[in-house]
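Structure first, then comments.
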Amino acid sequence: MSKRLAIRNILLLTVGALTLVIAILVLHEVYGEWQRLEKIESLKDAMNLSDQLFNATENLSVERDIAATMLYAPDAATVNDLKPRLEESRKRTDGAMSAAMQMLKTYAFPELAGLQEKIGKQRTDIQDFRVQIDQAVASPQERHDALAKRWSDQATGLIQQTQDLWIGFVKHFTDIDPVVTQHLRFKHFLGIITDYTGRERALISRLLVENADPTPDEVAQLLRGEGTIDLSWKVSLILADHSGLYPAIASSYADAKSHYSTLHDMMRDLFYVPGARHGVAYPIGADLWLELSTQATESLDALKEVSLRETQRYIDQLEAQARRAILVHSLLLLFALLLCLYSFWIIIYRVIHPINAMVEALLDAAEGKPVPPTLPAGRQDEIGKLAQVLHAFQKNAQEIKHTAVMLGIHTKALERSNKELDDFAYIASHDLKEPLRGIHNHSNFLLEDNRDRLDEESIRKLNRLVYLSQRMERLVNDLLYFSRLGRQDLAIQPTDMNEVIHDIESTLDIFLAERKASIVIPNPLPTVVCDKPRVTELLRNLITNAIKYNDKPEKVVEIGFLDKYISPKGMASQHVFYVKDNGRGIAPEFHEEIFRIFRRLQSSADSEDGTGVGLTFVKKIVERHGGKIWIESEPNEGTVFYFTLEGPQDDTTETT
Amino acid sequence: MTVCVFGEDPFGGYLGPMVGRTVNQRTIAVHYIHNVSEIGECRLLFINAGEKEHWPEIHKNLAGKSILTVSDFAGFAASGGMIEFGHQDNHINASLNINAVTAEGLHVEDRLLRLVKVVHVQGGKQP
């Protein structure tokens, strides 16, 4: 019982453990995806903030350049032309900066805290500067070189620190997704373009306002800026292409690139081509230059806007993917748990319970009780088949039981019938002897008393009657003896078989000599427990038969013993005696026939003496000893009689 | 966007690099034309100062085509042209005939208006 429980427990434990492992693995996946989803969501906000920081630096750079140009401007017209542009750039700067700082409060990056504080303080300084600038440009007749210089340094410092903040901020998000990282790098190079364009704009505006030739250093600075911008366009194109961003931004990219190309063509014509100024003045004023430069910056803004949208779209896709993964994994987990529950149900109700019921039923069946009809024999699976088999066994067992009962009844009837037959044979043979004796005696009396009065024919018939009555008596005697063989108990004793043969040889010495026959024992025979006189009779019968029905001039009878013998038909026997002759042999169809009572297959020189009971006695004696007898013989090849003298412990088995 | 130059090219090859660049996602193409019948595809038409005598004829063919006209001969804006470039103290300046522009359904941004001299010539009629 405990073993059965153990199997069930092991099965349940195994299924439970497997489910637990699957659940842990899937949960781990779900947790990983969840974390990824959180990061992706944070990435969306971070991209917005990054863009605001970016816009702040850009607009501040425009404000810086316009304000500086106004401070350098010698006339009220230029100042008035630029004023609306300055106001607009200030508004944009403040808007982007405030939004960025507000959004940054939700992030707690300790290493950026100092920088944030510094930027906050500088923004206050910028406000002070704005007031000073407004006061200064109110009197455009004067130049405000010192203020312009300090303002430019202040604004450039803030731009630089805001860029540092941008770099420090986006660093936290560069390991989330490689594509987003590429997008951020792309933005970084757009930032470089903006930065150098701003520096260019500041320098060129001043040159245009002052109507001054650039110094060699300034030309070098412009060329360096141009090279950097050109390189940044190339790198940004590679990044956009690699990250898959390019197709979505291609037209905006082309617009911005066209604006910058045109701007740089103009710059080259103004400052590098000899004679561009015609020796008098630059053909365009700072206001036109600032407008064109601002347009270029705006086209870059549009490009950034589009790429931000594209990045956001990409992040949305990532988010959707992560959500899908979480959903799929959650469903998988649910499915695993349901499968586990289903397995538990299958194991307990569809396997363990029916098996328990069948074990109970088998135990009942072993005690002879009927198998309950509740077994699931109707099921089509293994359990159902097992139940069917159980029912079939039950049915077979009942049939065997019935057969055994019937067999017992028949055996008893047979035993009774055999006994009656034996009794009949005994009584018949015993009672027949007396009338036979009378017939014999009276025939003799008739012959003795009336020989003279009888003719020859009558005498011959009477002699025949005497002879036949004597033969009849011998037959009756044999029948009586045969009947006794079956009725009398055996006198069992250890018997030396060598001695038995020796006795037979002694009693038959004249018979053997007359027929030129010899008995051969190749190996000493064993001592066996048997009825010695009967076994002696058995062997004498076999020996005399072997000699009587032998047509060879030198008749040889060999007697031996085999521990184990396997017949040509494959039947194995142990402790087998054999009697072998070199006589005429017996055809296979008579191998059973010869053991029947009063059967003689052929006449011998001594056949007149025989009644045909010898081999019947032999068989009876062997069977009384619990043994069996058979022959192996072919015509003209001699005959071998095999027999055993042991009962069922004989261990006779079929071999193949 | 097709830029047409009517008559001889006064830009000395400066327009060449503009070809293929884009403005508001429209690619710039430059056509050099010598016949009024060829102006159909133009979005911006520059008339060489040397073609001044053909201007009235060109102008007649432009009505309703929404083509921005630009030239650098004096009196262009006054004679119904839209943008006229000129020189003053070695500075390039521009006059914009707002009536001509709006009559063709074109829109001018305020920022551009700040940079040019706006003239009002009723209906863009010929002088």
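Every chain is numbered from 1 and lettered A, B, ... according to where its sequence line falls, protein lines coming before strand lines.
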Q) Which value, rounded to the nearest 0.5 Å, describes the distance between Leu115(B) atom CG and Leu292(A) atom CG? A) 8.0 Å

Q: Using non-hydrogen atoms and a 4.5 Å limit, figure out which bit of Ile92(B) sits close to chain A: side chain, backbone, both or neither.
A: both

Q: Can you check whether anything in residues 2-17 of chain B gets within less than 4.5 Å of chain A, heavy-atom wise, and list it by number?
A: Tyr14(B), Pro17(B)

Q | Neighbour count >12 (heavy atoms, 6.0 Å) for atom CZ, Phe73(B) | A | yes

(Q) Is Glu88(A) in contact with chain B via its backbone, its side chain, both, or neither, using a 4.5 Å heavy-atom distance? (A) neither

(Q) Need one label for Asp265(A): side chain, backbone, both or neither, based on atoms under 4.5 Å from any heavy atom in chain B. (A) side chain

(Q) When you compare the side chain of Arg85(A) with that of Arg111(B), does any pair of heavy atoms fall below 4.5 Å? (A) yes

Q. Should we say atom CZ of Arg185(A) is surrounded by more than 12 heavy atoms from elsewhere, each under 6.0 Å from it?
A. no

(Q) Let me confirm one number: the CZ-NZ distance from Arg21(B) to Lys257(A), rounded to the nearest 0.5 Å. (A) 8.0 Å

Q.
Nearest 0.5 angstrom please: Ser258(A) OG to Ile28(B) CD1, how far?
A. 6.5 Å

Q. Say you draw a straight line from CD of Gln295(A) to CD of Glu109(B); how long is it, rounded to the nearest 0.5 Å?
A. 7.0 Å

Q: Using non-hydrogen atoms and a 4.5 Å limit, figure out which bit of Ser252(A) sits close to chain B: side chain, backbone, both or neither.
A: both

Q | Distance (rounded to the nearest 0.5 Å) between Asp255(A) CG and Thr22(B) OG1 | A | 3.5 Å

Q) Just by modelled atom types, is the Gln25(B) backbone N or O under 3.5 Å from a matching donor or acceptor in the Ser251(A) side chain? A) no

